[in-house]
Engineer: 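Submitted below is the structure of interest, expressed as structure tokens.
Chain A is the first sequence line, chain B the second, and so forth, proteins listed ahead of strands; every chain is numbered from 1. Because only heavy atoms are used, hydrogens play no part in the values below, and waters and symmetry mates are left out as well, while side chains stay in.
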Amino acid sequence: MRRVRRHLLTWGRANVRDFPWRSETDPWLTLVAEMLLQRTRAAQVEPVFREVRERYPAAADLVRAGPDAAAAMTARLGIHWRGPLLYRLAETVHANGGVPPESPGALRAITGVGPYTAAAWLSLHRGRRAVIVDSNVARWLSRMTGRPYHRDPHGVRWLYDLAGRLTPARAYRDYNLAVLDFTMAICTPRAPSCPVCPLRRDCVYGRTRMDADTHHAR
DNA sequence: ATCCCGGATT
DNA sequence: AATCCGGGAT
């Protein structure tokens, strides 16, 4: 447990990537970024985020610009229903004094903000410890433990327990960033890079694979 | 439980 | 060409 955490943090120090939203501190802009990142690659989000930051640096700016402006932002990301969602988000934030609510309940009450987005925003941008359990984490921890993988982590108790025990009390931001990038770069859905994985010795799946390689090698 | 949508992987 | 993948709503 402790070793897994340490290895991830070490890996993260060398490999966590820098995106404009990761160094952004404005609560409105960072929540917009998290919403845009849903089911969307970071490379696609990057230019759109820059444009939002440029044109709508405050929620009030997007409210003033109107629903069509919001739709224009999300159109390039291909998921049309996020346009109205983004506009409603702007209205909600504007009505809340320009800053999104930070209580998990009020945050989750926003349409378009689910468990992942709430946890990511709070832990990465608001200095609140939150445990991220998305399908990437589900895949990673399923391999680690050898337990069956449920793509939808909803209701899988052991997942939440384990993820919660792994998430540090203090270094949760660095840890969550490391997990996000690690599951995208190393513990990938199809062909995970076990040979270079810092966790392969702590991982049921990784050990199995390395053993297989040993037997095949001469 | 199913749908959305476009990119990645095979 | 076909399949897989993902966060959230319903």
Side-chain angles (χ1 to χ4, degrees), chain A residues 15 17 19 21-22 27-49 51-52 67 70-93 100-126 128 130-144 147-157 159-160 162-164 167 172 176-197 205 209:
Chain A
N15 296 285
R17 295 184 295 167
F19 293 111
W21 47 86
R22 289 190 172 172
W28 149 249
L29 290 176
T30 50
L31 186 52
V32 169
E34 291 302 337
M35 189 169 285
L36 296 180
L37 284 163
Q38 292 169 189
R39 303 200 320 289
T40 310
R41 306 281 171 211
Q44 295 299 312
V45 171
E46 210 161 337
V48 176
F49 176 77
E51 198 169 336
V52 171
M73 292 300 107
T74 58
R76 294 159 64 186
L77 302 176
I79 298 173
H80 100 282
W81 55 264
R82 275 188 302 187
L85 252 47
L86 180 59
Y87 185 70
R88 287 175 59 188
L89 174 68
E91 291 182 314
T92 302
V93 171
E102 293 195 12
S103 81
L107 194 53
R108 290 283 307 280
I110 298 173
T111 308
V113 176
Y116 167 79
T117 303
W121 185 68
L122 287 171
S123 68
L124 303 183
H125 302 296
R126 305 310 303 152
R128 305 267 201 108
V131 179
I132 293 179
V133 181
D134 62 0
S135 59
N136 295 304
V137 170
R139 179 182 66 244
W140 163 52
L141 292 181
S142 295
R143 285 176 177 154
M144 289 283 289
R147 288 171 183 262
Y149 166 54
H150 300 283
R151 179 176 150 179
D152 181 4
H154 180 72
V156 184
R157 176 66 69 83
L159 248 182
Y160 289 84
L162 180 53
T167 306
Y172 52 83
N176 281 347
L177 284 172
V179 169
L180 289 178
D181 284 2
F182 168 81
T183 56
M184 294 301 294
I186 305 292
C187 201
T188 53
R190 304 241 187 165
S193 306
C194 299
V196 298
C197 177
Y205 183 88
R209 270 194 67 183

Engineer: Please work out if Asn136(A) contacts a base, only the sugar-phosphate, or nothing of the nucleic acid, heavy-atom cut-off 4.0 Å.
Structural biologist: sugar-phosphate
Engineer: Specify the separation, in whole Å, of atom CG of Asp134(A) and atom P of dA9(C).
Structural biologist: 15 Å
Engineer: Can you identify which nucleotide, out of dC5(B), dT10(B), dG7(C), has its nearest atom closest to the Ala191(A) side chain?
Structural biologist: dT10(B)
Engineer: Are His150(A) and Leu159(A) side-chain neighbours, meaning at least one heavy-atom pair lies under 4.5 Å?
Structural biologist: no
Engineer: Nearest whole Å is fine: how far is dG6(C) C1' from Ile79(A) CD1?
Structural biologist: 9 Å
Engineer: Keeping Asp181(A) on the side-chain end and Arg17(A) on the backbone end, is there a donor-acceptor pair under 3.5 Å?
Structural biologist: yes
Engineer: Start at the 5' end of DNA chain C and walk down; is the nucleotide closest to Tyr149(A) or to Leu85(A) reached first?
Structural biologist: Tyr149(A)
Engineer: Think His80(A) has a side-chain N or O under 4.0 angstrom from the OP1 or OP2 of dC4(B)?
Structural biologist: no
Engineer: Do other residues, nucleotides or ligands put more than 12 heavy atoms under 6.0 Å from Arg126(A) CZ?
Structural biologist: yes
Engineer: Write down the distance between CZ (Arg151(A)) and P (dA1(B)), rounded to a whole number of angstrom.
Structural biologist: 14 Å
Engineer: Is there a side-chain contact between Leu85(A) and Thr74(A) (heavy atoms, below 4.5 Å)?
Structural biologist: no
Engineer: Please report, rounded to the nearest Å, how far the C1' atom of dC4(B) is from the CG atom of Leu77(A).
Structural biologist: 14 Å
Engineer: Rounded to whole angstroms, how far apart are CG on Asp152(A) and C1' on dA9(C)?
Structural biologist: 12 Å
Engineer: Taking all atoms of both residues into account, what is the closest heavy-atom pair of Leu29(A) and Val52(A), and its distance?
Structural biologist: CD2-CG1, 4.1 Å
Engineer: Whole angstroms only, please: what is the CH2-P distance between Trp81(A) and dC4(B)?
Structural biologist: 12 Å
Engineer: Would you classify Arg139(A) as touching base, sugar-phosphate or nothing, given that sugar-phosphate means primed atoms plus P, OP1 and OP2, and contacts are heavy atoms under 4.0 Å?
Structural biologist: sugar-phosphate
Engineer: For the base of dG7(C), is there a side-chain donor-acceptor partner from Arg39(A) under 3.5 Å away?
Structural biologist: yes
Engineer: Which nucleotide, dG6(C), dC4(C), dG7(C), lies nearest any side-chain atom of Tyr116(A)?
Structural biologist: dG7(C)
Engineer: Whole angstroms only, please: what is the CD-C1' distance between Gln44(A) and dG7(B)?
Structural biologist: 8 Å
Engineer: Return whichever of Arg41(A) or Thr117(A) has its heavy-atom-nearest nucleotide of DNA chain C closer to the 5' end.
Structural biologist: Arg41(A)
Engineer: Over how many whole Å does the gap from Arg76(A) atom CZ to dG7(B) atom P extend?
Structural biologist: 13 Å
Engineer: Name the nucleic acid region contacted by Leu36(A), choosing base, sugar-phosphate or nothing; use a 4.0 angstrom heavy-atom cut-off, strictly under.
Structural biologist: nothing
Engineer: Counting the atoms with a prime plus P, OP1 and OP2 as sugar-phosphate, which does Thr40(A) contact under 4.0 Å by heavy atoms, base, sugar-phosphate, or nothing?
Structural biologist: nothing
